[in-house]
Amino acid sequence: MRLFLLVSLTMAAFAANSILSRLAIGAGHMDAGSFGLLRLASGAAMLVVLCRMQGLAVRQDLGASLRGGTALTLYIAGFSLAYQQLDAGLGALVLFGVVQVTMFLWGALRGTPVSAGQVAGAVLAFLGLAYVVWPDGSGTAPLGASLLMAAAGLGWGIYSILGRGAAQPLAATAVNFLWSTVMFLPVALWLSGSTVSLFGAVLAVLSGAVTSGMGYALWYRLLPQILPAVAATVQLGVPVIAILAGAALLGEAIGLRLVFGSAAVLGGIALVVLRAPARRVRAAK
C-alpha cells in the first residue's frame, strides 16, 4: 500500500508539471527559456538541500552525470517549448506515448523477447499518436509543438532507463539537475524573452522544486522497486490526470479526436505491457 501511494503521488506530480508549465508558458506569464531554466535551477537547489539533510554527497560518475544531464536537458527543452502551443492534456499524451515507445524499443534492442501482441500494441499506440497530432486544418494539434514534445518524450524515456541503474537516486537526481541547468543555459539565452512575471516565476519554482525535483527523486527511488512493465503501466495514468485537470483547471476542451486518439495510445501501450512474454523468460531461466 505504501508503494502504491508513493507511485500515485509521483504520477500526480508528473501530471502537475504539465498543468504548471501550460499555465505559465501558454498563458504568457513566462517565456519558455526562462521557465525551463528557473525550473531546473530551483529543482537543483531543492535536491542539494535534501542531499545535505540526509548526509549524502552530491556526486556521481562523470559519464552517468553527462548522460543523465543531457537526457534531462532534452526533456526540459522540448517540454517547455511545446507548451507554448499544446494543451496540457495533449502534451502529456504525446510525451508519455513517446516515453513508452522509447522504453519498449530499448528493451527490444537489448534482446528482450517481443511478442506479436506487443508489436501490435506498439503500432496501435503510434497510430493513435499520429491520429491526434496529424494536421486537420483546425490547428488543435500544432505539428511543430507535437514534435518538440516527442523529443521531450525521448529525453524522459532515456532518463527513466538511466534511472534504473542509480545507486543513490537522490544524489543522482541532484547531480543531473545541476548538469542540466548548465547545459540548458545556452538554450535559455537563445530563447530569452521579456516575459518574466512574479506569478510565472512562482509556477516555475513550484514545478522545479516540488513536482520536478522531489517528484523525480522519488521516481528514481521507486524505479528499482518495481518491474519495468509496472513502471510503464503506471505512467499511463499521467495523460488521463493531465487531460482531466486541464479541462477542470484550464478550461481545455476534450474533443472526440483526443478521446479516440488517447484510447488508441493507452490501449496500445497496455498491450505492449500486458503481452510481454515475462513468464516464458523466467521459466527459461
message = Using ring pair (Phe, Tyr, Trp, His ring centres under 6.0 Å), reason through Trp156 and Phe14 one step at a time and then give a plain yes or no.
response = CA-CA 11 Å; Trp156 181 248; Phe14 289 174; 5.4 Å; yes

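- One hydrophobic cluster, built from ILVMFWY side chains closer than 4.5 Å, cannot hold both Leu178 and Val210; they sit in different ones.
- The OH atom of Tyr159 lies 11.5 Å from the OG1 atom of Thr70; values are rounded to the nearest 0.5 Å.
- Side-chain atoms of Gln225 come within 3.5 Å of backbone atoms of Arg221 as a donor-acceptor pair (strictly under, hydrogens ignored).
- Closest of all the heavy-atom pairs between Leu148 and Ala82 is CB-CB, 4.1 Å.
- Clustering of Ile, Leu, Val, Met, Phe, Trp and Tyr by side-chain heavy atoms under 4.5 Å joins Val202 with Leu198.
- Ile19 CD1 to Leu203 CG: the interatomic distance, rounded to the nearest 0.5 Å, is 11.5 Å.
- Taking all atoms of both residues into account, the shortest heavy-atom contact from Ala204 to Ser42 is O-OG, 3.8 Å.
- Shown here are the ring-ring contact (aromatic ring centres under 6.0 Å, His included) partners of Phe126, two or more places apart in sequence or in another chain: there are none.
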Expected list for residues 48-60: side-chain donor-acceptor pairs under 3.5 angstrom, two or more places apart:
unit_1	atom_1	unit_2	atom_2	d
Gln60	NE2	Ser65	OG	3.2
Gln60	NE2	Asn176	OD1	3.2

task = Report the C-alpha separation of Leu258 and Leu93 in whole Å, then their side-chain angles, then the decisive distance to 0.1 Å, and conclude whether the side-chain contact (heavy atoms from CB on, under 4.5 Å) test is met.
result = CA-CA 9 Å; Leu258 180 59; Leu93 178 66; 4.0 Å; yes

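- Rounding to the nearest 0.5 Å gives a distance of 6.5 Å between CG of Leu109 and CG of Leu105.
- A salt bridge (Lys or Arg N to Asp or Glu O under 4.0 Å) check over residues 13-23, counting only residues at least two apart or in different chains, returns the pairs Arg22-Asp87, Arg22-Glu252.
- Closest approach of Thr102 and Ile158 over heavy atoms only: CG2-N, 4.4 Å.
- Counting heavy atoms from C-beta on, the side chains of Leu266 and Val240 come closer than 4.5 Å.
- Both Leu86 and Leu154 belong to a single network of hydrophobic side chains, linked directly or stepwise wherever heavy atoms of I, L, V, M, F, W or Y lie under 4.5 Å apart.
- Nearest heavy-atom pair, Thr173 versus Gly213, reported as atom, atom and distance to 0.1 Å: CG2-O, 4.3 Å.
- Cluster annotation: Leu185 and Trp179 are assigned to distinct hydrophobic clusters (Ile/Leu/Val/Met/Phe/Trp/Tyr, side-chain heavy-atom contacts under 4.5 Å, transitive).
- Annotation for Thr181 and Leu37: closest pair O-CD1, 3.8 Å, computed over non-hydrogen atoms.
- The backbone N or O of Pro142 sits less than 3.5 Å from a side-chain atom of Ser146, completing a donor-acceptor pair.
- Here the straight-line distance linking atom CG of Leu81 with atom OG of Ser21 works out to 11.0 Å at 0.5 Å rounding.
- No donor-acceptor distance shorter than 3.5 angstrom exists from the side chain of Ser34 to the backbone of Asp31, with no hydrogens or angles considered.
- For the pair Gln85 and Ile25, the minimum side-chain heavy-atom distance is 4.5 Å or more.
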inquiry  = Could you go through Leu249 and Leu23, starting from their C-alpha distance and side-chain angles, then the distance that decides it, and tell me whether this counts as side-chain contact (heavy atoms from CB on, under 4.5 Å)?
reply    = CA-CA 9 Å; Leu249 302 176; Leu23 180 58; over 6 Å; no

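- Ring-plane geometry between Tyr83 and Phe79 is classed as perpendicular, the angle between the planes exceeding 60 degrees on a 0 to 90 degree scale with a lower cut at 30.
- Sorted pairs that involve residues 238-270 and meet ring-ring contact (aromatic ring centres under 6.0 Å, His included), not counting sequence neighbours, are lacking altogether.
- Leu6 is not connected to Ile241 by any chain of hydrophobic side-chain contacts under 4.5 Å among Ile, Leu, Val, Met, Phe, Trp and Tyr, and they are in different clusters.
- Pairs engaging residues 29-72 under the ring-ring contact (aromatic ring centres under 6.0 Å, His included) rule: His29-Phe199 [sequence neighbours left out].
- Side chains of Leu9 and Leu5 form no contact here, defined as non-hydrogen atoms less than 4.5 Å apart.
- Across all non-hydrogen atoms, the minimal contact from Val94 to Ala150 is CG1-N, 3.9 Å.
- Here the side chains of Ser212 and Phe177 are in contact, with some heavy-atom distance below 4.5 Å.
- With values rounded to the nearest 0.5 angstrom, Met30 atom CE is found 7.5 Å from Ser197 atom OG.
- Not a single donor-acceptor pair under 3.5 Å links the side chain of Ser207 to the backbone N or O of Asn17.
- Between Arg39 and Phe184, the closest side-chain pair of non-hydrogen atoms is not below 4.5 Å.
- Note that CG of Leu124 and CG of Leu127 are 6.5 Å apart. Values are rounded to the nearest 0.5 Å.
- Between the side chain of Arg257 and the backbone N or O of Tyr131 there is at least one donor-acceptor pair closer than 3.5 Å.
- In the hydrophobic clustering of this structure, Val182 does not group with Trp190; members are Ile, Leu, Val, Met, Phe, Trp, Tyr whose side-chain heavy atoms approach within less than 4.5 Å, directly or through other members.
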